[in-house]
Amino acid sequence: MTPKYCSTLLDCIRSGLCRHESGVGIYAPDPGAYKTFAEIFDPIIESYHTGFKHTDKHPATCFGYGSDFPNLDPEQKFIVSTRVRCARSVEGFPFNPCLTKRNYKDLECLIKKPLRALCNEHAGSYHTLGCMDSDDIQKLVDAGLLFKGKNRFLKSANALRYWPTGRGIFINKTCTFVIWVNEEDHIRVIALEKGGDLGRVYERMIVGVESLAHSLKFSRDARLGNLTFCPTNLGCTIRASVHIKLPLLASNRRNFLELAKKHHLQVRGTLGEYSQALGGIYDISNKRRMGLTEYEAVAEMHKGISALIEAECEESRKTRK
Ligand SMILES: Nc1ncnc2c1ncn2[C@@H]1O[C@H](COP(=O)(O)OP(=O)(O)OP(=O)(O)O)[C@@H](O)[C@H]1O
Ligand SMILES: NC(=[NH2+])NCCC[C@H](N)C(=O)O
């Protein structure tokens, strides 16, 4: 059992036991679980975040500068939109399965406070899920701005208790910066926009998460980096993605996935994890988040997406010959 919250191994693996289609199938009910059940978590972490061994230590935070990343698709031929997100947990609170109704309310209150101080392009408003109109919720979900409520993996992990208590979304005026509260993680900081200007989107996310860090203390482990509910999000927690059309490359699915894997990229469908590609639009992002700084994770994605675009252009040259 974990020291403070008495979480058991069953609490960790419940989602994998219930959902055999799981890719990972394990969550940490509280931060202590990563140490108490290291024997089961470490090999999973090592296999997901290729290259991060159980003897490795995650590096210190280094965001670097977005301006180092040139627009991935200046002619707007391939990329529909770009999004970068990171996750944070508030120190002193466990993760979803151990949170009480009171904890959810307290967390929401704590997180809401610094949001009022966000200014300029980050300025916006917070909406608590329980007070939102169902049509408005659906519109935000359809626009890819809000989490889908009933995620079967989260449900089987006991992570949807007291829903919608304490859950909510902060949105800026241009819908290019959002913060999710108490969904899978306590906090998800997300920046997104149309086109392929990864540097600009990343910079917007950095300013957002750094503003929150002025007033909130995040859970961090000396070896694992930022602590998150799912082991796939530990470390720098960054997922930098593009919605992209690569019709020639994607027509040979095996080669497409192999090339993506070579660049440590993950391919998802248009509507997120476990969805299908609609109209040939894929969600492609960096896969690993441990053993790399934030900057290195974004750089890995930038390099990989550039390589995929180059391969698509090469296919196009071949078909023209
Ligand atoms: N590049 C992108 N442009 C626009 N929308 C995006 C992009 N990438 C992801 N999205 C949208 O973000 C939403 C959330 O996606 P998804 O749940 O797959 O990933 P996530 O929020 O990063 O978290 P997790 O990896 O924990 O699932 C979806 O609606 C998806 O369509
Ligand atoms: N959103 C996430 N944490 N995704 C990664 C894992 C999702 C799910 N638990 C699985 O094992 O497939």
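One-based numbering, in listed order, for ligands and for the atoms of each.
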Peer 1: Which residue pairs pass the side-chain hydrogen bond (donor to acceptor under 3.5 Å, both in side chains) test with at least one member in residues 204-220, sequence neighbours excluded?
Peer 2: T61-R220, E121-R204, E193-R204
Peer 1: Hey, are E315 and K318 close enough for a salt bridge, meaning a charged N less than 4.0 Å from a carboxylate O?
Peer 2: yes
Peer 1: Where does the angle between the aromatic ring planes of H302 and F69 fall among parallel (under 30°), tilted (30 to 60°) and perpendicular (over 60°)?
Peer 2: tilted
Peer 1: Give the cluster check for I169 versus Y104: same hydrophobic cluster or not, with ILVMFWY residues linked at side-chain heavy-atom distances below 4.5 Å.
Peer 2: no
Peer 1: Donor-acceptor pairs under 3.5 Å, side chain of residues 241-251 to any protein atom, not counting sequence neighbours: which ones?
Peer 2:
| unit_1 | atom_1 | unit_2 | atom_2 | d |
| --- | --- | --- | --- | --- |
| H243 | NE2 | T270 | O | 3.2 |
| S251 | OG | L248 | O | 2.6 |

Peer 1: Starting from atom 29 (O) of ligand 1, find the nearest protein heavy-atom neighbour and note its residue, name and distance.
Peer 2: G144 CA, 3.4 Å
Peer 1: Which residue holds the protein heavy atom closest to atom 15 (O) of ligand 1, what is that atom called, and what is the gap in Å?
Peer 2: R239 NH2, 3.9 Å
Peer 1: Is E312 salt-bridged to K77, cutoff N-O under 4.0 Å?
Peer 2: no
Peer 1: Taking atom OH of Y65 as the centre, does the number of heavy atoms from other residues, nucleotides or ligands within less than 6.0 Å exceed 12?
Peer 2: no
Peer 1: Using a 4.0 Å cut-off to any heavy atom of E184, which atoms of ligand 1 qualify?
Peer 2: 26 (O)
Peer 1: Going by the atom numbers of ligand 1, which of them fall below 4.0 Å from some non-hydrogen atom of V242?
Peer 2: 1 (N)
Peer 1: Does even one non-hydrogen atom of R188 get within less than 4.0 Å of ligand 1?
Peer 2: yes
Peer 1: Only heavy atoms count here, so choose which of K194, E183, H243 is nearest to atom 5 (N) of ligand 1.
Peer 2: H243
Peer 1: Is it the side chain, the backbone, both or neither of T270 that has a heavy atom closer than 4.0 Å to ligand 1?
Peer 2: backbone
Peer 1: Select one of side chain, backbone, both or neither to describe which atoms of E273 lie under 4.0 Å from any atom of ligand 1, heavy atoms only.
Peer 2: both
Peer 1: Check for me whether R223 meets the cation-pi criterion with Y34, that is, NZ or CZ under 6.0 Å from the six-membered ring centre and within 45 degrees of the ring axis.
Peer 2: no
Peer 1: Number the atoms of ligand 1 from 1 as they appear, then name those within less than 4.0 Å of a heavy atom of S241, with their elements.
Peer 2: 1 (N), 2 (C), 7 (C), 8 (N), 9 (C)
Peer 1: Should you measure from each heavy atom of L271, which atoms of ligand 1 turn up under 4.0 Å away?
Peer 2: 28 (C), 31 (O)
Peer 1: Who's the nearest protein heavy-atom neighbour of atom 24 (P) of ligand 1, and how far?
Peer 2: R85 NH2, 3.5 Å
Peer 1: Starting from atom 20 (P) of ligand 1, find the nearest protein heavy-atom neighbour and note its residue, name and distance.
Peer 2: R83 NH1, 3.5 Å
Peer 1: Nearest protein heavy-atom contact for atom 4 (C) of ligand 1: which residue, which atom, what distance?
Peer 2: S81 OG, 3.1 Å
Peer 1: Which atoms of ligand 1 have any heavy atom of W180 under 4.0 Å away?
Peer 2: 14 (C), 21 (O)
Peer 1: So, R14 side chain and C12 main chain: donor-acceptor pair closer than 3.5 Å or not?
Peer 2: no
Peer 1: L278: which other cluster members, linking ILVMFWY side chains closer than 4.5 Å, directly or transitively?
Peer 2: L271
Peer 1: With hydrogens left out, which residues have an atom under 4.0 Å from ligand 2, given that only heavy atoms count?
Peer 2: S22, G23, V24, G25, Y27, F153, E184, C230, T232, N233, E273, Y274
Peer 1: Is the shortest distance from a Lys or Arg side-chain nitrogen in D106 or R102 to a carboxylate oxygen in the other one below 4.0 Å?
Peer 2: yes
Peer 1: If the threshold is 4.0 Å, N to carboxylate O, is there a salt bridge linking K105 and E108?
Peer 2: no
Peer 1: Once you restrict to heavy atoms under 4.0 Å, what part of T82 touches ligand 1? Side chain, backbone, both or neither.
Peer 2: backbone
Peer 1: Strictly below 4.0 Å, N to O, side chains only: are E310 and R317 in salt-bridge contact?
Peer 2: yes
Peer 1: Tell me whether the guanidinium CZ or amine NZ of R83 lies under 6.0 angstrom from the six-membered ring centre of W180 and within 45° of its axis.
Peer 2: yes
Peer 1: At a 4.0 Å threshold, what atoms of ligand 1 neighbour a non-hydrogen atom of R268?
Peer 2: 16 (P), 18 (O), 19 (O), 24 (P), 25 (O), 27 (O)
